[in-house]
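See structure below.
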Number of protein chains: 2
Amino acid sequence: MPTSRAPLSTRRVLQAALALADSGGADSLTMRHLGRELGVEAMSLYRHVANKDAVLAGILDMVVSEIDLPEPSKDWKAAMRHRGVAAFRVFTLHPWAPPLLMSRTNTGPSMLRYIDFTLGVLRGAGFSWRLADYAWNTMDSYVYGYTLRRLAFPIAPADYAETASAHQHLLAGDRYPHMAELTRQVAEGRHSGDPDITFGLDLILDGLERLRDTEPAT
Amino acid sequence: MPTSRAPLSTRRVLQAALALADSGGADSLTMRHLGRELGVEAMSLYRHVANKDAVLAGILDMVVSEIDLPEPSKDWKAAMRHRGVAAFRVFTLHPWAPPLLMSRTNTGPSMLRYIDFTLGVLRGAGFSWRLADYAWNTMDSYVYGYTLRRLAFPIAPADYAETASAHQHLLAGDRYPHMAELTRQVAEGRHSGDPDITFGLDLILDGLERLRDTEPAT
DNA sequence: GCAAGCTTGCTTACGACGTAAGCTTACGTC
DNA sequence: GACGTAAGCTTACGTCGTAAGCAAGCTTGC
């Protein structure tokens with residue numbers, strides 16, 4: 001029986017790379033491992049992708065393309081809110097992606113589409129170009145920062161109270177009095193300790209709205 | 001002449017590691033390179049540090065300790081603003097640090113001190129524990145996100161207009177109409193394209209103040 | 001029908017990396 | 001001067017990305 005194997009292609013390589021990163025994180029995405037996954041030697045992959053960097057750029061664009069854009073008919077605040085939440089959700093499904101996204105310049109088509117859509121929403125809502133630019137940058141800084149912090153944090157929100165109880169003694173001294181008290185609040189169930197992404201999103205959106213309404217005419 | 005060399009120590013290793021990262025980025029910080037820098041073989045370093053991860057944790061705490069905390073007497077908004085700007089400035093001096101900071105849980109003493117200070121400022125300004133917790137988390141998400149985006153962006157703000165001019169033709173089609181127009185605005189000098197960190201900081205701080213003032217009593 | 005050339009994948013190899021295991025050397029201290 | 005201990009060195013293993021060249025099969029032109 002001769003080896004009958006679906007032929008490789010850039011597309012197949014990228015799909016396998018995405019699956020690999022999703023299942024084992026960024027560290028498990030090596031050219032050798034990727035080759036093994038496709039039943040092929042590592043070097044064979046270089047027929048279809050220039051190098052590992054191209055693989056990363058490719059799967060990052062695939063991830064960004066998953067971010068759901070709401071129909072532009074929506075109220076601009078709802079649309080922007082939706083956009084932020086959608087990005088967070090997608091990144092949660094691909095937790096290896098945000099660190100990579102942030103450490104490289106991403107100008108893939110999906111990212112450009114995402115930005116262009118956002119600018120369109122803001123312009124449609126009456127923002128000046130200057131303010132629209134500031135607005136989406138501020139939104140994205142927050143969303144990426146929130147997402148990264150959340151993904152790097154080793155404790156699930158559901159376990160905050162329990163963890164706070166268990167570690168309270170570590171803050172027993174009076175070196176960090178406020179953290180100690182905050183930890184106590186969480187341990188006693190008086191504060192969840194879990195800032196939802198919408199807290200900051202709405203805070204920023206309300207602020208942007210106010211700026212739009214008070215901005216000198218452009 | 002016998003080899004007379006200052007003896008190694010954890011401190012000396014970390015100082016050299018910090019210098020190495022500052023001068024050549026995170027990639028140039030390898031155990032072999034670090035050893036060479038100290039006139040020693042890589043394996044000798046393991047007498048003074050447990051492993052590379054300990055080196056990273058150590059120099060990250062050194063970086064965080066550089067973040068200037070304003071005297072607590074200040075107006076809370078000014079203090080929080082100061083804190084954000086100070087963090088950004090420090091990270092700009094150590095651009096290799098933020099990606100590492102975000103990809104690991106950092107509980108070094110400097111970080112704890114930084115958080116405790118922030119909570120103190122907010123509590124002193126009349127924020128509830130819940131809102132104070134949300135507040136510093138929102139601030140930090142923004143500051144980290146802004147910093148990372150800024151550090152990863154390959155163009156200096158001073159070159160925005162020139163770069164926009166040079167690359168305008170890439171957006172010529174009507175696939176990204178809003179980006180094309182925004183780029184034109186920047187190219188023509190009608191918009192700097194440079195969102196200062198204080199834009200988002202003040203936006204968030206104003207929003208937090210409003211929430212504090214309207215929050216039901218705790 | 002068959003040779004020429006192109007495509008696809010394989011083999012081998014190089015110079016990095018972090019670090020485990022064990023060795024050598026030098027320096028107190030008694 | 002013997003001995004315990006600390007500091008640094010040597011060697012080695014398994015990993016990584018990828019350069020260079022080779023082998024086999026498919027496509028095309030005559």
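In what follows, chains are A, B, ... by sequence order, proteins preceding strands, each numbered from 1.
Residue pairs meeting the salt bridge (charged side-chain N to carboxylate O under 4.0 Å, His left out) criterion with at least one partner in residues 170-181 of chain A, sequence neighbours excluded, are A:Glu181-A:Arg184. Residue pairs meeting the salt bridge (charged side-chain N to carboxylate O under 4.0 Å, His left out) criterion with at least one partner in residues 42-51 of chain B, sequence neighbours excluded, are absent. A ring pair (Phe, Tyr, Trp, His ring centres under 6.0 Å) check over residues 175-195 of chain A, counting only residues at least two apart or in different chains, returns the pairs A:His191-B:Tyr134. Screening residues 21-51 of chain A for ring pair (Phe, Tyr, Trp, His ring centres under 6.0 Å) gives no qualifying pairs among residues at least two apart or on separate chains.
Using a 4.0 Å cut-off on heavy atoms, the residues of residues 50-60 of chain A that approach DNA chain D are A:Asn51, A:Lys52, listed by number. For the segment residues 20-37 of chain A, no residue has any heavy atom less than 4.0 angstrom from an atom of DNA chain C. Within residues 94-106 of chain B, no residue approaches DNA chain C, by heavy-atom distance under 4.0 Å. Non-hydrogen atoms lying under 4.0 Å from DNA chain D are contributed by A:Met43, A:Tyr46, all within residues 42-49 of chain A.
Using bins of under 30°, 30° to 60° and over 60° for the plane-to-plane angle, the ring pair A:Phe91/A:Tyr144 lands in the tilted bin.
Between the A:Asp61 side chain and the A:Val64 main chain, no donor and acceptor come within less than 3.5 Å of each other. Listed for the A:Asp116 side chain is no donor-acceptor partner under 3.5 Å among the backbone atoms of A:Leu112.
At a threshold of 4.5 Å between non-hydrogen side-chain atoms, the residues B:Leu56 and B:Leu29 count as touching. Considering only heavy atoms from C-beta on, B:Arg123 comes within 4.5 Å of B:Trp129 through its side chain.
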Kindly indicate, with the supporting measurements, whether the criterion salt bridge (charged side-chain N to carboxylate O under 4.0 Å, His left out) is fulfilled by A:Asp194 and A:Arg150. CA-CA 10 Å; A:Asp194 173 28; A:Arg150 188 58 170 278; 3.3 Å; yes
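No side-chain donor-acceptor contact under 3.5 Å links B:Asp27 and B:Trp96.
Remark: A:Asp196 engages no residue in a salt bridge (Lys or Arg N to Asp or Glu O under 4.0 Å) (not counting sequence neighbours). The salt bridge (Lys or Arg N to Asp or Glu O under 4.0 Å) test applied to A:Glu37 returns no partner, not counting sequence neighbours.
Around atom CZ of B:Arg190, no more than 12 heavy atoms belonging to other residues, nucleotides or ligands sit under 6.0 Å away.
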Please tabulate, for side-chain N and O atoms in residues 154-166 of chain A, each donor-acceptor pair with protein atoms closer than 3.5 Å (sequence neighbours left out).
unit_1, atom_1, unit_2, atom_2, d
A:Thr163, OG1, A:Asp159, O, 2.7
A:Ser165, OG, A:Ala161, O, 3.3

What pattern of brackets, bars and dots sums up DNA chain C from 5' to 3', given Watson-Crick or G-U wobble pairs under 3.5 Å, [ ] for crossing pairs and | for another strand? ||||||||||||||||||||||||||||||
